[in-house]
Amino acid sequence: MDMIFHRIFLVVIDGLGVGELPDSEKYGDKGSNTLVHILENVKKIKLPNMTSLGLGNILNKDDILPVLKETKGFYGKSDELNEGKDTVTGHWEMAGIKLQTPFRTYPNGFPEELLDEFSKRVGRAVIGNKAISGTIILDELGEEHIKTGALIVYTSADSVFQIAANEDIIPIDEQYKICKIARELLVDEYFVGRVIARPFVGNKKGEFKRTPNRKDFGVPLPKPNLLNNMLEKGYDVIGVGKIYDIFSGEGLSEYVKQKDNKEGLEHVNNYIDKDFTGLCFINLVDTDMKYGHRLDIQGFYNALEEIDDYVGNYMKKLRTTDLFIITGDHGCDPTNHTDHNREYIPILCYSSLFKRGKSLGTRKTFADIGQTIAENYDVDRLAIGKSFLPILTQI
């Protein structure tokens with residue numbers, strides 16, 4: 001099949017789930033539905049552009065969002081094949097990676113022998129060591145860290161080893177070196193998905209504030225995968241936002257970081273104006289990091305409204321040979337708990353080539369997205385996933 005779409009924009013709204021998966025109870029997520037519960041708790045809903053693509057059709061709750069007889073986009077949702085409910089697991093599955101061993105989580109803290117070795121290698125004591133909100137633990141231990149120089153180590157329901165340190169106490173370059181040491185330790189039996197530097201500033205409780213210098217250190221990217229397969233065939237693979245960190249800096253021809261969603265959305269706007277052939281892969285993290293984890297329903301909704309406004313502008317600017325895909329990577333229901341949720345993710349596809357939209361149904365794996373992209377560019381097929389490109393091109 002000849003290339004149909006010369007440019008594909010894949011936008012991941014971090015934490016945007018659309019309902020509990022069949023195995024959600026195993027993860028403590030029974031009853032979760034990030035998008036429905038957010039929309040049920042805001043006074044006025046204004047998401048016209050994603051609604052026109054079929055967002056309401058995915059939810060199938062006409063009292064919340066209109067279920068349209070005709071949509072501008074193709075729409076559906078996807079189950080998750082990999083075990084877990086974190087960002088790396090979800091994004092990697094989109095790229096066709098099936099995890100043979102799930103990333104390990106540590107709801108009761110990390111083993112003492114691991115932390116002893118970590119402390120020995122970095123030459124600093126460790127405090128914290130529990131699953132907790134990053135903002136809460138700063139209030140608990142920030143002042144002790146400033147007095148002693150001990151590293152604040154904590155985790156969450158996800159497979160993460162987070163290290164918080166004040167930038168005035170430990171310079172940012174040293175913080176990154178410390179994270180690299182942790183990354184070397186957290187393999188094999190410990191197998192943690194991400195080590196995350198969580199720098200902050202402030203001198204006392206109530207004034208501590210995280211800085212934009214967060215940095216993620218992931219495990220080496222398994223091959224083959226969609227990103228590397230595309231690079232090997234000479235296509236552009238552009239990462240925006242957290243994509244560089246999620247994929248351990250691999251599989252990208254270029255990348256740009258962002259301090260917030262607005263900057264990321266502007267980056268997308270700029271790339272729409274540029275000439276390239278291949279994939280532009282974007283993660284919009286504010287919905288998850290700033291609002292979902294902090295149980296901020298209105299903040300999450302406001303972020304969705306901002307995204308929707310940009311989507312409307314994108315739809316006017318996209319070329320006839322462009323495909324625009326909106327999805328999620330897991331749930332982060334602010335009415336449920338402060339951690340991620342095991343949920344279906346939405347799939348919305350738009351191109352000006354579409355005469356009318358159609359349901360993509362319920363997909364079995366996030367990798368269907370990657371397989372669709374692989375088929376479009378005629379690169380090596382992924383080990384998992386079924387392409388829905390034939391559905392997109394039959395109308």
Side-chain angles (χ1 to χ4, degrees), residues 1 3-14 16 73-100 193 218-253 255 276-284 322-330 344-351 360-393:
M1 181 184 291
M3 185 195 311
I4 298 167
F5 303 108
H6 290 203
R7 304 189 304 177
I8 296 180
F9 296 84
L10 175 55
V11 178
V12 179
I13 303 176
D14 208 307
L16 186 62
F74 286 76
Y75 57 89
K77 62 183 181 180
S78 179
D79 200 336
E80 185 167 13
L81 183 63
N82 283 328
E83 295 182 37
K85 53 177 182 175
D86 63 90
T87 295
V88 174
T89 298
H91 282 73
W92 281 18
E93 185 167 321
M94 282 180 223
I97 297 168
K98 175 69 173 73
L99 289 174
Q100 300 305 314
V219 298
L221 185 63
K223 298 180 180 62
N225 59 70
L226 174 67
L227 277 60
N228 286 100
N229 290 354
M230 289 187 65
L231 276 185
E232 289 171 3
K233 288 294 183 73
Y235 290 108
D236 296 301
V237 183
I238 301 162
V240 177
K242 273 176 60 178
I243 297 300
Y244 179 88
D245 294 326
I246 292 167
F247 289 94
S248 304
E250 300 181 49
L252 301 173
S253 55
Y255 67 92
F276 68 90
T277 303
L279 174 66
C280 184
F281 199 171
I282 305 101
N283 175 280
L284 298 172
D322 290 340
L323 174 64
F324 197 82
I325 304 174
I326 302 170
T327 188
D329 55 346
H330 51 71
Y344 290 101
I345 60 167
I347 302 174
L348 296 173
C349 301
Y350 173 77
S351 171
L360 297 171
T362 300
R363 316 302 298 187
K364 294 181 179 180
T365 167
F366 298 2
D368 287 7
I369 297 172
Q371 199 74 275
T372 300
I373 296 169
E375 182 177 6
N376 178 74
Y377 293 112
D378 194 25
V379 301
D380 291 345
R381 298 302 187 262
L382 308 177
I384 54 174
K386 181 179 180 181
S387 170
F388 50 78
L389 188 65
I391 302 176
L392 298 182
T393 54

Is any side-chain heavy atom of [Y] closer than 4.5 Å to one of [X]?
X    : Y    : value
E250 : N225 : no
D329 : M94  : yes
C349 : L323 : yes
P390 : E375 : yes

Side-chain ([X]) to main-chain ([Y]) donor-acceptor, under 3.5 angstrom:
X    : Y    : value
N82  : L99  : yes
T362 : K77  : no
W92  : L221 : no
Q371 : I384 : yes
N229 : D380 : yes

As an exercise, state the distance from [atom1] of [X] to [atom2] of [Y], rounded to the nearest 0.5 Å.
X    : Y    : atom1 : atom2 : answer
S351 : L392 : OG    : CG    : 9.0 Å
L10  : I243 : CG    : CD1   : 7.5 Å
R363 : D368 : CZ    : CG    : 4.5 Å
I391 : T372 : CD1   : OG1   : 8.0 Å
E93  : E80  : CD    : CD    : 5.0 Å
D322 : F9   : CG    : CZ    : 5.0 Å

- Angle class for the Y377/Y235 ring planes (parallel below 30°, perpendicular above 60°, tilted otherwise)? tilted
- Message: Parallel, tilted or perpendicular: which one describes the rings of F281 and F247, with boundaries at 30° and 60°?
- Response: tilted
- Message: Determine whether L348 and F324 satisfy the following criterion, side chain to side chain contact (heavy atoms under 4.5 Å, CB included), listing intermediate values before the conclusion.
- Response: CA-CA 8 Å; L348 296 173; F324 197 82; over 6 Å; no
Locate the shortest heavy-atom distance separating [X] from [Y]; write the atom from each residue and the value.
X    : Y    : value
A367 : G96  : CB-CA, 4.2 Å
L226 : L279 : CD2-CD2, 4.3 Å
G218 : S248 : C-OG, 3.5 Å
H330 : D86  : CD2-C, 3.6 Å
T327 : I347 : OG1-CG1, 4.3 Å

- Message: Walk me through whether D79 and Y344 qualify under side chain to side chain contact (heavy atoms under 4.5 Å, CB included).
- Response: CA-CA 5 Å; D79 200 336; Y344 290 101; 4.1 Å; yes
- Is K386 atom NZ crowded by more than 12 heavy atoms from other residues, nucleotides or ligands, each under 6.0 Å away? no
- Got more than 12 heavy atoms from elsewhere within 6.0 Å of NZ, K364? no
- Message: Taking the ring of F5 and the ring of Y350, is the distance between their centroids below 6.0 Å?
- Response: no
